[in-house]
Amino acid sequence: MALPAYECPMVVVGAGPAGLCAALEAAEAGIRALVMDENERGGGQLYKQIHRFFGSRHHGAGKRGFEIAAEMVEGCERAGVEIRLSSAVLGCFPGGELLVDGPEGVYLLRPQATVLATGAAERCFPFAGWTLPGVMGAGAAQTLLNVHGVLPGKRVLMVGAGNVGLIVAYQLLQAGAEVAGVVEAERGSRGYEVHLQRVRREGVPVYFRHRLLAAEGDEGVEAALVESVDEGRVRRFRVDALCLAVGLVPQAELAAMRGCRIAYADELGGFLPWHDREMRTSVPGVYVAGDAAGVEEASVAMDEGRLAAVAAAEDLGALDGARAAAKRKELLARLEGLRGGPTASHIRRARARLNAG
Amino acid sequence: MKERKERKESKEREEGKATGEGGRGAARDALQGGRDDPWTAAWEVSRRKAVAVVDCRQEIPCDPCETACRKGAIRVGDDVCALPISEPETCDGCGRCVALCPGMAIYLIDRSADGGKAAVTVPYEMGEEPRAGMEARVVDGEGKELGRGKILEVRAMGGAAATLLVKVEVPETWALKVRGVRLRQMFIEEPEEVEGYRGTGDCLICRCEEIARAEVEKAAGSGFRSLAALRRASRVGLGYCQGRFCREPLREELARKCGRGVEELGIGSPRPPLRPVKISRLGGGDVRDTQF
Amino acid sequence: MDLRVRRHPVLGDMGGGDEVTIFVDGRPLPARAGEPIAAALYAAGIRATRYSRGKGEARGPFCMVGRCTECAMTVDGIENVRTCVTPVRDGMRVDTPGVRRHGPARV
Ligand SMILES: Cc1cc2nc3c(=O)[nH]c(=O)nc-3n(C[C@H](O)[C@H](O)[C@H](O)COP(=O)(O)OP(=O)(O)OC[C@H]3O[C@@H](n4cnc5c(N)ncnc54)[C@H](O)[C@@H]3O)c2cc1C
Ligand code: SF4
Ligand code: SF4
Ligand code: FES
């Protein structure tokens with residue numbers, strides 16, 4: 001099958017905060033990037049987020065996720081960046097070609113520079129009854145709630161008290177569902193205290209040192225069995241939905257197909273394309289940014305996207321060394337600030353390891 | 001600007017990750033040990049006017065409170081993770097920070113009216129609509145109900161998708177405790193005890209091909225050392241989802257079984273197409289998904 | 001069961017959900033124009049989108065972004081359509097693939 005193929009200077013895979021910022025930065029350097037995303041809308045994770053984002057003034061913090069997404073998409077339009085939606089990148093060949101399935105058909109792109117900003121996928125874990133309808137990822141629940149206006153259930157149990165679990169629990173309440181509890185195996189939350197407090201304030205019990213054993217039901221979830229880790233006490237929660245918020249995994253498949261070296265960092269979600277501080281992978285002309293380069297936050301994703309574009313522009317000769325260095329210095333300082341707090345010590349650890357080789 | 005001594009201390013601690021039952025107290029001690037707590041100054045000033053109380057006790061990368069305040073009454077500074085510091089004297093009680101704080105960690109207190117009453121303004125984003133004159137449940141930071149309070153005023157702030165600011169009247173002694181209002185009647189049903197639960201722990205791992213964990217364990221036990229080998233032996237991960245679903249659990253299972261680290265097993269060799277291709281693209285029907 | 005959110009404190013009015021009609025296993029079901037099939041089903045409390053080939057167990061949407069393939073149904077006679085990423089169309093026929101045998105036993 002001979003597919004049509006197109007040459008272009010730069011392709012960004014993923015229209016999340018990382019990808020859109022990469023395209024914006026590239027535009028500033030005079031490179032017209034093509035942004036591909038399989039979703040119908042741009043903004044990545046952000047368009048389904050209805051809460052106000054933490055982060056800094058450089059990242060639109062204080063606005064709601066979907067508002068930030070809309071602003072970034074508008075910014076791209078103004079800058080003349082083309083975003084191709086409903087366009088999935090199905091493969092990335094060792095020669096650098098990208099295989100795309102979009103409204104125009106199936107075709108190949110031959111970019112000089114490729115930024116992989118594919119974000120992360122939800123992790124799941126198997127347990128008895130996990131195949132029952134009504135058991136779903138927290139992200140799926142969020143899509144149902146905030147994009148389609150449908151409750152995943154009337155009474156929901158959330159598994160995982162990290163930021164995602166806590167935020168989605170709150171969003172379930174906002175949409176009118178009851179949250180029977182948040183179950184967390186650890187002794188405390190890895191999420192931010194303010195998010196934990198918000199959920200508690202609404203009267204939702206948070207069960208630390210508890211783990212999910214099984215989901216029960218016939219055509220769908222009717223109950224969940226939860227065990228307290230320390231006492232071994234098992235209890236049954238009557239719920240009609242069970243949401244899993246047990247972590248995210250960088251989507252590194254395209255990088256692996258392309259032949260990029262894959263590294264492993266538990267703290268960043270698992271396997272990820274190895275990259276240097278400037279977001280270059282082991283393959284010349286291929287860059288990574290955002291959750292695909294290690295699961296962190298939208299604000300980090302934005303600055304990493306910009307860093308990746310600076311590196312690409314420099315390598316393509318569109319940005320001279322001095323200007324690239326100046327931009328990079330500012331971005332790296334900002335990233336260091338974002339990762340500077342005690343909640344990011346594991347990230348700093350993993351990043352140091354990664355940079356060492 | 002005040003000293004940021006406590007910030008350095010806790011950075012050195014490095015362990016402040018846990019924010020559950022364990023971490024909380026420590027964070028608060030560190031905070032209150034190093035300087036005036038955020039409450040004392042606000043409490044005094046609130047005798048005269050409404051002021052913001054910033055109840056943000058963890059150094060997270062966040063600063064909208066600073067940008068929200070047009071009076072410059074909240075400072076985070078150049079270090080985005082620093083704890084916000086408020087200056088109650090400068091604050092005019094406008095409430096913008098209350099609406100814009102992503103953590104909903106800021107509230108206003110006002111004790112200027114006499115009669116042992118205080119007015120507390122909290123952010124509100126739930127479905128049940130608050131209206132002036134209503135009675136609402138007033139809760140503390142842990143969600144514990146303090147009692148009832150009368151809603152004095154409701155206003156919307158913070159852009160097109162606004163946050164509501166709900167001002168409730170409460171006894172003065174609650175002024176620093178109130179952290180939220182609740183209008184919904186919550187029915188948190190106590191979970192029932194299950195005696196003598198004996199699950200086998202078995203379940204499907206591969207959802208598409210319906211392969212149970214026990215089968216995978218058996219295959220792994222008989223010497224398969226890689227995902228590829230396991231796949232050939234049991235068809236696990238070869239279903240319609242092409243392993244997108246079960247890859248992580250499978251890898252973990254295998255690692256456990258062979259006593260190897262997950263990272264040693266490697267990411268495998270993903271092949272295109274990453275997603276099922278719509279056949280329409282290849283000239284066929286309209287919406288059909290297929291695999292190459 | 002009705003799981004639709006009609007008014008939302010942040011998103012405002014989210015619409016009713018009876019602009020179009022689809023036919024699920026022959027029965028008419030109202031849906032919001034433009035929403036994915038899986039959302040329309042879920043809103044009406046229809047959680048099972050298929051029955052597994054081997055054991056005949058109910059399965060339902062898990063990822064809602066087109067990745068897990070658990071929501072694949074037969075749409076207008078075409079098999080294996082991921083309903084979470086396929087919008088409804090007026091008069092669309094949606095059939096549940098597989099045969100129901102049993103759910104997981106109660107523990
Ligand atoms: C519930 C929740 C709450 C959060 N709250 C906050 C917060 O308050 N503050 C904060 O800073 N961060 C927050 N985050 C994190 C933040 O959303 C992510 O870190 C951020 O979105 C990562 O950006 P990204 O661009 O790397 O990836 P994403 O936003 O995930 O975007 C990746 C994009 O790539 C596309 N894509 C992937 N693969 C392909 C392919 N093969 N072909 C075509 N397109 C593809 C996807 O469709 C997607 O649109 C939150 C996350 C969640 C889940
Ligand atoms: S209430 Fe207004 S003036 Fe006071 S700190 Fe908040 S934003 Fe500033
Ligand atoms: S905006 Fe809120 S959560 Fe963020 S730093 Fe300020 S007070 Fe803390
Ligand atoms: S729900 Fe996962 S593909 Fe549709």
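Numbers restart at 1 for each chain; the letters A, B, ... are given by sequence-line order, proteins then strands.
- Not counting sequence neighbours, B/Y124 has no partner by the ring-ring contact (aromatic ring centres under 6.0 Å, His included) test.
- A salt bridge links C/E70 to B/R207: at least one charged side-chain nitrogen sits closer than 4.0 Å to a carboxylate oxygen.
- Looking at C/R67, both its backbone and its side chain come within 4.5 Å of chain B, counting heavy atoms on both sides.
- Here the side chains of B/E210 and C/S52 are in contact, with some heavy-atom distance below 4.5 Å.
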Please output the side-chain donor-acceptor pairs of residues 147-163 of chain B that fall under 3.5 Å, not counting sequence neighbours, one pair per line with the distance.
from   : atom 1 : to     : atom 2 : distance (Å)
B/R155 : NH1    : B/C94  : O      : 3.1
B/T163 : OG1    : A/R52  : NE     : 3.2
B/T163 : OG1    : A/R52  : NH2    : 2.8
B/T163 : OG1    : A/R64  : NH2    : 3.2
B/T163 : OG1    : B/A99  : O      : 3.4
B/T163 : OG1    : B/E125 : OE2    : 2.7

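- Shortest non-hydrogen contact noted between B/R275 and C/G66 is CD-O, 4.5 Å.
- Scanning all heavy atoms of the two residues, the minimum distance from B/G127 to C/P9 falls at N-CG, 3.8 Å.
- With a 4.5 angstrom heavy-atom cutoff, B/L204 touches chain C only via side-chain atoms.
- Applying the 6.0 Å contact sphere to CZ of B/R137 captures more than 12 heavy atoms from other residues, nucleotides or ligands.
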